[in-house]
Protein chains: 2
Amino acid sequence: MEETIFAKTQTTFRTSCDQCGLSSVCLPIAVDPEDLYRLETAVNRGQKFNRGELVFKQRDRFKSCFVVQGGAVKTFIVTEDGEKQVTGFYLPGEMVALDSINTDYYSCSAEALERSSLCEIPLDRFAEHTLRIPGLQHHFFQLMSQEIQKSQRMTVLLNRKTADERLATFLLSLSKRFGRRHMSATQFRLPMTRNDIANHLGLAVETVSRVLTRLQKQKLVQFQGRYCTLTDVNGLTNIAHAVNSPYECRG
Amino acid sequence: MEETIFAKTQTTFRTSCDQCGLSSVCLPIAVDPEDLYRLETAVNRGQKFNRGELVFKQRDRFKSCFVVQGGAVKTFIVTEDGEKQVTGFYLPGEMVALDSINTDYYSCSAEALERSSLCEIPLDRFAEHTLRIPGLQHHFFQLMSQEIQKSQRMTVLLNRKTADERLATFLLSLSKRFGRRHMSATQFRLPMTRNDIANHLGLAVETVSRVLTRLQKQKLVQFQGRYCTLTDVNGLTNIAHAVNSPYECRG
DNA sequence: CGGTGGATTGAGCACACTCAAGCATTGTGG
DNA sequence: CCACAATGCTTGAGTGTGCTCAATCCACCG
């Protein structure tokens, strides 16, 4: 079964979905090989974007979701009053534009933070597949649930956390996500500027800078420009989960 | 077609889904009457909850989504360090627990803010329906997208808005949502405590109180306890969308 | 009547913002 | 190759918004 697919992809000079290593993001666990082939013809794999290039733009007609293969992407929305707000960062293996599924327009813009490679998953044709492959529907519902939960956690954590807690949380989140994709969870390069981080976390750039040097002085992290080494994950976790007040939680 | 359904609901002393007035929330525009009947047997309508009662609890096995028919519900999560965070308020016609679809457990708890009536939509059996009725799947994807966007707007607005802006935004949001359901958009009762509002908006109760009296002095709203009258919607809108800095938005 | 939970108001303080200056890095053109 | 610009990052000083702590008020209810 794999052979046929592999042969096909060889002729088209593309990597097959099941060779991708990220297939668990796009596909449910078990997919019939025949269906897999049909899916592959739908997915537009390995598109390249340069730093600063837009993957899609807010208010453009919604067409596809994208999975980051390599590089990194930020999403942002422009509010009525022209303010720009970074709503998320997407690392390899993460799907972008789930917030726009089955809406008419993209609800945010996505921009490559460095040279990046993305797989486009057209969702008009995907809808047909979803109906035929029950697992796919479940899978996408799950991805969207996770997206909601992520967004809620964001709201939750940032609404009541201090600058130090926010940044500790942020670094740990990156760490976990890099680690999940078999990259180092303690040494990585931040693909985004301090400005992006500040914007995303609702802080001033200066505060981000100050906090990062503070964390460094506490020997919790080490920075060399954008290169980041977590030297004390437990320490960071303590800061991130700071117990402000052991509140009684009735209910 | 309506007759048969109506007859059925008469005998069971329940209102039919298509009589509900909220059916646009639960159902796609056009549903085959036969399918509608099957759906109705799945939906557990009109469950009553007293103030303070839990509709479902975080970490319980996920079973159903709920649509608020009457009353109001708040959702909250308890973080690792025991902090309670209100993640949303749900008014008549709004669906709760979309963030938990196709996850194993509820990711938050839901509590009635006053005596409320909710329709339970079991999602195990619903999955079957979704496959048979194409519109249903689309509909649910859409609801989830909206939920993500709502959550993102929350993050966005609250991360960089002042206390005044947050509360103006909050009041206008309630206004719109009441108005959408053919209730007064300018006169309503807040179903939640100041504490809940504060928690949800990431403020201290004292700040909420102070800001509300300030808005009242500016003749924008009128309060009598929980009863609220918006006297100057434009004024509120100006505050809510305060132009901090007309930022250049490249991209 | 006292008791309880919710709401308001006041005083003082602290965390993060603003403004401002300087440093570091990268890229571009002469 | 260096000068220069542009952008990103860091550091400092002063200020203000919203928090904390505390007291009071209010409505509802046993």
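Residue numbers start from 1 in every chain, and the chains themselves are labelled A, B, ... in the order their sequence lines are given, proteins ahead of strands.
When the C1' atom of C:dA16 is taken as reference, atom NZ of A:Lys161 falls 17 Å away, rounded to whole Å. D:dG8 atom C1' lies 12 Å from atom CZ of A:Arg189, rounded to whole Å. Going from atom CZ of B:Arg160 over to atom C1' of D:dG18 covers 18 Å, rounded to whole Å. A:Leu158 has its CG atom 12 Å from the P atom of C:dA16, to the nearest Å. Rounded to an integer number of Å, the gap from CD of B:Gln224 to C1' of C:dA7 is 15 Å. If you measure from atom CG of A:Leu203 to atom P of D:dC9, you get 15 Å, rounded to the nearest angstrom. Regarding B:Leu201, its CG atom lies at a distance of 12 Å from the P atom of D:dG18, rounded to whole Å. The distance between atom OH of B:Tyr227 and atom C1' of C:dA7, rounded to the nearest whole Å, is 16 Å.
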ask   = Nucleotide by nucleotide, 5' to 3', does protein get under 4.0 Å of the base (B), only the sugar-phosphate (S), or neither (-) in nucleotides 24-30 of chain D, counting heavy atoms?
value = -------
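Within the 4.5 Å cutoff, side-chain heavy atoms of B:Phe89 are placed close to those of B:Phe170. Side-chain contact between A:Ile101 and A:Asp99 is absent, with no heavy atoms from C-beta onward closer than 4.5 Å.
A search for ring pair (Phe, Tyr, Trp, His ring centres under 6.0 Å) contacts involving B:Phe62 returns B:Tyr106, not counting sequence neighbours. B:Ser209 pairs by the side-chain contact (heavy atoms from CB on, under 4.5 Å) definition with nothing, not counting sequence neighbours. Every side-chain hydrogen bond (donor to acceptor under 3.5 Å, both in side chains) that B:Glu94 has, sequence neighbours left out, goes to B:Arg177.
With respect to B:Glu120 and B:Lys63, a salt bridge is recorded, a charged nitrogen being found less than 4.0 Å from a carboxylate O.
Just one residue in the list B:Thr193, B:Asp196, B:Asn199, B:Thr87 forms a side chain to side chain donor-acceptor pair (under 3.5 Å) with B:Lys74, and that residue is B:Asp196. Exactly one residue among B:Thr231, B:Thr237, B:Leu236 makes a side chain to side chain contact (heavy atoms under 4.5 Å, CB included) with B:Val233. That residue is B:Thr237.
Looking at heavy-atom distances under 4.0 Å, B:Arg226 makes contact with sugar-phosphate atoms alone, never a base.
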Side-chain donor-acceptor pairs of residues 214-225 of chain B under 3.5 Å, sequence neighbours excluded:
from, atom 1, to, atom 2, distance (Å)
B:Arg214, NH1, B:Asp164, OD1, 2.7
B:Arg214, NH1, B:Asp164, OD2, 3.1
B:Gln216, NE2, B:Phe223, O, 3.3

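In terms of phosphate contacts, B:Arg166 brings no side-chain nitrogen or oxygen within less than 4.0 Å of OP1 or OP2 of D:dG18.
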Write down the protein N/O and nucleotide N/O pairs, taken from nucleotides 10-12 of chain D, whose separation is under 3.5 Å; answer none if there are no such pairs.
from, atom 1, to, atom 2, distance (Å)
D:dT10, OP1, A:Arg194, NH2, 3.4
D:dT10, OP2, A:Arg194, NE, 3.0
D:dT10, OP2, A:Ser209, OG, 2.8
D:dT10, O5', A:Ser209, OG, 3.0
D:dG12, N7, A:Arg210, NH1, 2.8
D:dG12, O6, A:Arg210, NH2, 3.3

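Across D:dC9, D:dG18, C:dG6, the shortest atom-to-atom separation from the side chain of B:Asp164 is found for D:dG18.
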